[in-house]
Amino acid sequence: MSLEALLKIINPCFLTLSERGFIYGPQGRLLLRNLEEYWFMHCVTIPPYNVFPSDTSISDTLQQLQSSSMDKDMPFALSTLAMIKNLTWNESLLNDTSYRVTLHRTAKINVIIDALDSKNLLHNKQRERKVWWRKFAQCPSRFILAEAKRVKSLDVTEIQAQFPFGNITVETITHYPVTRKLYPQNEGSKDNVADVHMIEHVASLDWGCLALLCDSHMSNKSTRAYIHPKLSPYKTTFHIEKQENETASDLEDLSRFVLYLNNMLRTNGIHTILTSTEQVVETCLIPFVVSVNRTSLKNGIVHVENPSIALKEPVQVTDLVEYITTCCS
């Protein structure tokens, strides 16, 4: 299957490609936001070293940190989220298509580290970043570390997602052995930066979204597409199980119950969508469907179905938030 053919299968509510580049629909914008949030958590919040957000050049930020003595504890890192113009990123993939991607959103980390520790960090980052992409995939082995190559005298490794139509590069990892030029040049700083290296890893959030959507539609598990619950735009929807002799009053009570559950989940930061159409579950790649019936009103037990594994579990209403949160972690 070609990339163009696969893009016709992917719902335009998620993502399309055109001569203008990446075009996101309503669900696609939420997917992009979720991917960015988990990247930020993993690469900015969780690391054992300090990570400083940066909107300026690396050199300017380093000077700011140096002036306040915040660069003394190594390693430390800078993070940058930006739209960049890079015509060579996945250029070979687009050669035989009508698409032309000039801009894409990137998430970048620059780790400043002692030269003696740089190689060890480089190898750790290569493994760590590959595993990070794999945990979101329906086919984890699809994401690989490509063979390292030399680009402008630098060692560069790419993380790629393998498909029949070609490989999509989602991230690059680069080792910079010389960082002296990044620091202000004065007598006091020349010797201090002589043995400092930099490890940079740049993830393309746009190409990452495309790779994960392609992966979800090319899974051999079933004919349906599935995406990791962490990234799915909506985590949950609801279904009212109608029983015999159902009265209008019963349905009204169940509708109010669904609204209560919906508000409870949303208040706890869980994205939900209210719909009466089963097609929406498949279109929006919703991982969990909460079913309620008249018995649920009596015993407080609902049933949570995961369409990807055809599993339906009873869950106490008081445990519903924790259950969905755990399944999405």
Side-chain angles (χ1 to χ4, degrees), residues 14-15 21-22 24 27-56 58 61 75-86 89-90 101 103-113 121-140 142-146 156-161 167-175 198-216 227-235 269-271 285 287 325 327-329:
F14 276 92
L15 178 65
F22 293 94
Y24 289 93
Q27 278 70 53
R29 294 187 187 95
L30 288 173
L31 171 64
L32 177 64
R33 178 182 176 183
N34 289 344
L35 184 62
E36 182 178 315
E37 285 181 349
Y38 279 107
W39 175 90
F40 192 93
M41 180 186 300
H42 186 84
C43 295
V44 179
T45 306
I46 292 179
Y49 44 79
N50 296 325
V51 182
F52 304 102
S54 172
D55 288 329
T56 60
I58 295 176
T61 305
F76 67 91
L78 312 179
S79 69
T80 308
L81 288 161
M83 293 291 294
I84 68 167
K85 185 175 183 178
N86 189 330
W89 196 294
N90 286 316
V101 178
L103 293 172
H104 58 120
R105 185 160 178 77
T106 59
K108 179 172 69 174
I109 294 290
N110 296 94
V111 185
I112 311 299
I113 189 168
L121 177 66
L122 174 64
H123 296 149
N124 286 340
K125 280 298 176 185
Q126 289 171 344
R127 291 190 295 269
E128 173 192 307
R129 297 306 301 152
K130 181 185 70 174
V131 170
W132 189 83
W133 285 102
R134 283 187 168 189
K135 70 181 180 181
F136 295 125
Q138 296 298 311
C139 179
R142 190 186 304 282
F143 288 85
I144 63 163
L145 276 176
V156 180
T157 308
E158 295 179 341
I159 299 176
Q160 299 178 343
N167 293 355
I168 297 179
T169 299
V170 295
E171 187 158 348
T172 62
I173 304 171
T174 307
H175 178 210
M198 182 170 72
I199 307 299
E200 175 185 88
H201 53 96
V202 185
S204 173
L205 299 177
D206 288 326
W207 284 107
C209 283
L210 177 60
L212 290 169
L213 284 171
C214 289
D215 169 73
S216 70
I227 202 163
H228 196 285
K230 275 179 177 288
L231 303 180
S232 56
Y234 303 106
K235 314 302 182 190
I270 299 174
H271 284 196
L285 307 182
T325 301
C327 290
C328 293
S329 63

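Predicted model, so just to flag it, every value in this text is computed and none were measured.
- If you take NE2 on His175 and NZ on Lys125, they are separated by 14.0 Å, rounding to the nearest 0.5 Å.
- The backbone N or O of Val156 sits nowhere less than 3.5 Å from a side-chain atom of Thr174 that would complete a donor-acceptor pair.
- Formation of a donor-acceptor pair under 3.5 Å by the Asp215 side chain with backbone atoms of Cys139 is found in this model.
- Of all heavy-atom pairs between Leu35 and Gly208, the closest is CD2-C, 4.3 Å.
- Look at Arg33 and Glu36 and you find no salt bridge, because none of the NZ, NE, NH1 or NH2 atoms lies under 4.0 Å from a carboxylate O.
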Exercise for the section: Evaluate the side-chain contact (heavy atoms from CB on, under 4.5 Å) criterion for residues Cys209 and Tyr24: first the C-alpha distance (whole Å), next the side-chain angles of each, then the deciding distance (0.1 Å), finally the verdict. Expected result: CA-CA 10 Å; Cys209 283; Tyr24 289 93; 4.0 Å; yes
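- When the options Arg129, Glu128, Glu200 are evaluated for a side-chain contact (heavy atoms from CB on, under 4.5 Å) with Ile173, the one that passes is Arg129.
- Below 30°, between 30° and 60°, or above 60°: for His42 and Trp132 the angle between ring planes is between 30° and 60°, a tilted geometry.
- When side chains are defined from C-beta on, His228 does not count as touching Lys135, because their heavy atoms never get closer than 4.5 Å.
- Under a 3.5 Å cut-off, the side chain of Asn50 and the backbone N or O of Phe76 do not form any donor-acceptor pair.
- Minimum heavy-atom separation, Thr157 to Ala146: CG2-O, 3.5 Å.
- Remark: Thr169 engages Trp89, Asn90, Glu158, Gln160, Thr172 in a side-chain contact (heavy atoms from CB on, under 4.5 Å) (not counting sequence neighbours).
- With Ile199 as the partner, the side-chain contact (heavy atoms from CB on, under 4.5 Å) test is satisfied by one option alone out of Asn124, Asn110, Leu122: Leu122.
- Taking the side chain as every heavy atom from C-beta outward, Asp206 and Leu15 never approach each other to under 4.5 Å.
- The main-chain N or O of Phe143 is found under 3.5 Å from a side-chain atom of Arg134 such that the two form a donor-acceptor pair.
- Counting heavy atoms from C-beta on, the side chains of Leu213 and Leu31 come closer than 4.5 Å.
- Side-chain contact between Val44 and Ile109 is present, with heavy atoms from C-beta onward closer than 4.5 Å.
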Practice task
Take Leu32 and Phe22 through the test side-chain contact (heavy atoms from CB on, under 4.5 Å) and record every step on the way to the result.
Solution key: CA-CA 11 Å; Leu32 177 64; Phe22 293 94; over 6 Å; no
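- Within the 3.5 Å criterion, the main-chain N or O of Ala161 finds no donor-acceptor partner in the side chain of Arg142.
- Atom CG of Leu212 sits about 8.0 Å away from atom CZ of Phe136, to the nearest 0.5 Å.
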Exercise for the section: Mind running side-chain contact (heavy atoms from CB on, under 4.5 Å) on Tyr234 and Leu30 for me, showing each step along the way? Expected result: CA-CA 8 Å; Tyr234 303 106; Leu30 288 173; 3.8 Å; yes
Handout entry: CA sep, side-chain torsions, deciding dist, call: Asn34, Lys230, side-chain contact (heavy atoms from CB on, under 4.5 Å)
Key = CA-CA 7 Å; Asn34 289 344; Lys230 275 179 177 288; over 6 Å; no
